[in-house]
Protein chains: 2
Amino acid sequence: MTLPPQPGPPAERSPRAIPEATVSRLAIYLRVLGQLAEGGAETVSSEELAAVSGVNSAKLRKDLSHIGSYGIRGVGYDVASLQHELEKVLGLDHPQRVALVGVGNLGHALAGYGGFGGRGFPVTALFDVDPDLVGVPLGGIEVHHVRDIAAVVPAAGVTIGMIATPAQAAQAVCDELVAAGVRSILNFAPAVLQVPEEVEVRKVDLAVELQVLAFHVARRSGGITEGVATVSPVVNGRHGSAVGLS
Amino acid sequence: MTLPPQPGPPAERSPRAIPEATVSRLAIYLRVLGQLAEGGAETVSSEELAAVSGVNSAKLRKDLSHIGSYGIRGVGYDVASLQHELEKVLGLDHPQRVALVGVGNLGHALAGYGGFGGRGFPVTALFDVDPDLVGVPLGGIEVHHVRDIAAVVPAAGVTIGMIATPAQAAQAVCDELVAAGVRSILNFAPAVLQVPEEVEVRKVDLAVELQVLAFHVARRSGGITEGVATVSPVVNGRHGSAVGLS
DNA sequence: TCGTGTGAATAGATTCACAGCG
DNA sequence: CGCTGTGAATCTATTCACACGA
């Protein structure tokens with residue numbers, strides 16, 4: 001068999017307004033802002049927001065500067081309005097509909113995950129090949145056969161696909177989703193997906209994550225300390241939980 | 001804290017460093033090599049291995065150069081020996097034992113995930129707070145109460161912890177794991193963990209992944225084509241193979 | 001000759017440090 | 001004053017292109 005011919009396309013430049021690394025942190029800031037808002041905070045400084053988000057304040061300010069100037073000098077950021085701006089940038093003003101393919105062990109858990117952190121990403125369509133699953137409703141949503149992706153996905157207005165199938169099936173499912181118009185895919189299968197360049201794939205790869213951790217265990221020559229534990233509720237040892245200097 | 005830093009000359013760097021970005025790709029190459037080996041391949045070129053792994057060949061060669069010179073000029077890499085070298089570097093020569101905290105919806109799926117991609121990461125200890133779960137065996141492993149982490153984790157020789165609890169519980173569980181000697185943690189809870197710097201945390205954050213995808217959907221102004229799926233944007237390669245779908 | 005391995009060039013992300021505004 | 005926003009410096013990662021070895 002031949003390899004996917006991917007020599008060297010003439011590198012189409014998209015003028016990326018917001019750096020990729022920044023985008024995923026914006027999502028974290030948004031979550032943290034939600035917690036602060038619940039706690040009654042009206043404003044936050046970059047120092048505070050950064051500390052709770054686990055980044056340093058310069059990075060946070062640079063990240064936020066990419067979406068505009070919503071801070072107040074000498075004060076900080078207004079929690080509510082920053083939340084709103086972040087939601088707008090992340091495209092959360094109108095919710096995305098999600099299709100999940102593969103309702104096995106993992107897929108089942110994903111389907112039941114309740115809006116993924118609270119809100120914004122309703123799973124609207126489910127697919128599998130297993131005859132025992134197809135037709136059965138799961139959390140109020142019927143499981144369709146994978147062969148019906150082309151029909152169901154466009155009708156349901158799905159914009160994001162999640163693949164939680166075994167590795168062998170993942171590429172075929174991915175092709176189906178792409179053919180059905182899906183341009184954003186979250187892949188849980190341990191397989192590298194080949195897609196046209198207009199399709200955005202992100203992967204969640206448990207085996208890779210564990211192997212990276214194993215690498216660090218090995219490198220640190222001895223994962224577990226031999227003497228039994230120290231004190232139990234060891235709070236963080238890093239920069240002070242509130243405001244710390246770098 | 002790592003090694004005693006050398007005082008005198010400026011900026012003498014450790015020669016052994018493998019870039020972070022490289023490490024996670026090594027895990028992917030290893031998986032792909034496994035597939036190639038099953039397919040009977042003896043050797044691969046960087047071009048081939050890179051294409052299947054979804055990276056370009058220069059990056060792959062640079063990545064592999066960090067672990068040594070195991071290629072044969074004019075030929076490529078010996079599949080079996082490269083596999084072996086990668087396993088060694090990733091610390092997979094002797095398996096890591098994993099503790100999973102939180103045996104709810106997601107945790108249950110993780111526990112049943114069967115060695116995570118096939119091998120090397122046996123889940124050795126399970127924890128939860130739910131009285132209905134504690135004491136019950138799950139896949140042959142008894143679920144302990146979270147309060148017993150300090151006792152069970154060192155005894156079981158756990159080197160990697162996975163947190164699949166609700167967000168509110170995650171930091172406390174993390175502190176327990178760290179106190180029990182765990183230095184590598186995979187966090188599935190939607191929370192930012194504060195840890196001492198000798199602890200390596202990786203996170204799998206579904207909400208963030210989906211929001212990043214939502215960002216790209218929004219930016220591409222119209223994720224799904226509204227016309228019916230007349231288009232099939234010629235997906236590259238890889239069709240005729242045995243596809244488990246019908 | 002072919003494909004690895006690698007210096008050099010480029011691109012991207014992070015951190016520093018401070019000007020300037022509220 | 002205190003804190004944001006940002007140029008400049010630094011560090012990390014990717015890509016190029018070619019010398020060299022099998």
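In what follows, chains are A, B, ... by sequence order, proteins preceding strands, each numbered from 1.
Checking the phosphate oxygens (OP1, OP2) of D:dC3, no side-chain nitrogen or oxygen of A:Tyr70 falls inside 4.0 Å. A close approach under 4.0 Å does occur between a side-chain nitrogen or oxygen of A:Ser46 and OP1 or OP2 of D:dT4.
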For A:Asp93 and A:Lys88, run salt bridge (charged side-chain N to carboxylate O under 4.0 Å, His left out): C-alpha distance rounded to whole Å, both residues' side-chain angles, the deciding distance at 0.1 Å, then the answer.
CA-CA 6 Å; A:Asp93 27 11; A:Lys88 224 165 53 181; over 6 Å; no
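Residue A:Leu64 contributes atom CG, which lies 14 Å from atom P of C:dT14 at whole-angstrom precision. To the nearest angstrom, C1' of D:dG5 lies 13 Å from CG of A:Asp63. To the nearest angstrom, C1' of C:dA17 lies 14 Å from CD of A:Glu47. When the P atom of C:dG7 is taken as reference, atom NE2 of B:His66 falls 11 Å away, rounded to whole Å. A straight line from CG of A:Asp78 to C1' of C:dG22 spans 15 Å, rounded to a whole angstrom. Taking atom CG of residue B:Leu60 and atom P of nucleotide C:dG3, one finds them 14 Å apart after rounding to whole Å. In this structure, A:Tyr77 atom OH and D:dC3 atom C1' are separated by 9 Å, rounded to whole Å. Between the OH atom of B:Tyr29 and the P atom of C:dT4 there is a distance of 13 Å, rounded to whole Å.
Taking a 6.0 Å sphere around CZ of A:Arg97, one finds it holds 12 or fewer heavy atoms contributed by other residues, nucleotides or ligands.
Proximity of a side-chain donor or acceptor of A:Arg183 to a complementary backbone N or O of A:Val178 within less than 3.5 Å is detected. Here the side chain of A:Thr22 pairs no donor or acceptor atom with the backbone of A:Ile18 at under 3.5 angstrom. At distances below 3.5 Å, at least one donor-acceptor pair connects side-chain atoms of B:Asn187 with backbone N or O atoms of B:Ala191.
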For nucleotides 15-22 of chain D, read 5' to 3', which letter fits each nucleotide if B means a protein heavy atom sits under 4.0 Å from the base, S means only the sugar-phosphate is that close, and - means neither?
BBB--BBS
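Judged by distance alone, the side chains of A:Tyr29 and A:Asp63 do bring a donor and an acceptor atom under 3.5 Å apart. Using a 3.5 Å distance cut-off with no hydrogens or angles, the side chains of A:Thr159 and A:Gln96 do pair a donor with an acceptor.
Applying side-chain hydrogen bond (donor to acceptor under 3.5 Å, both in side chains) to A:Ser46 and the options A:Lys59, A:Arg61, A:Lys62 leaves one that passes, A:Arg61.
In this structure B:Arg73 satisfies the salt bridge (charged side-chain N to carboxylate O under 4.0 Å, His left out) test with no other residue, sequence neighbours excluded.
Remark on the helix from C:dT1-D:dA22 to C:dG22-D:dC1: inter-end axis angle 10°, axes from five-pair C1' superpositions, rounded to 10°.
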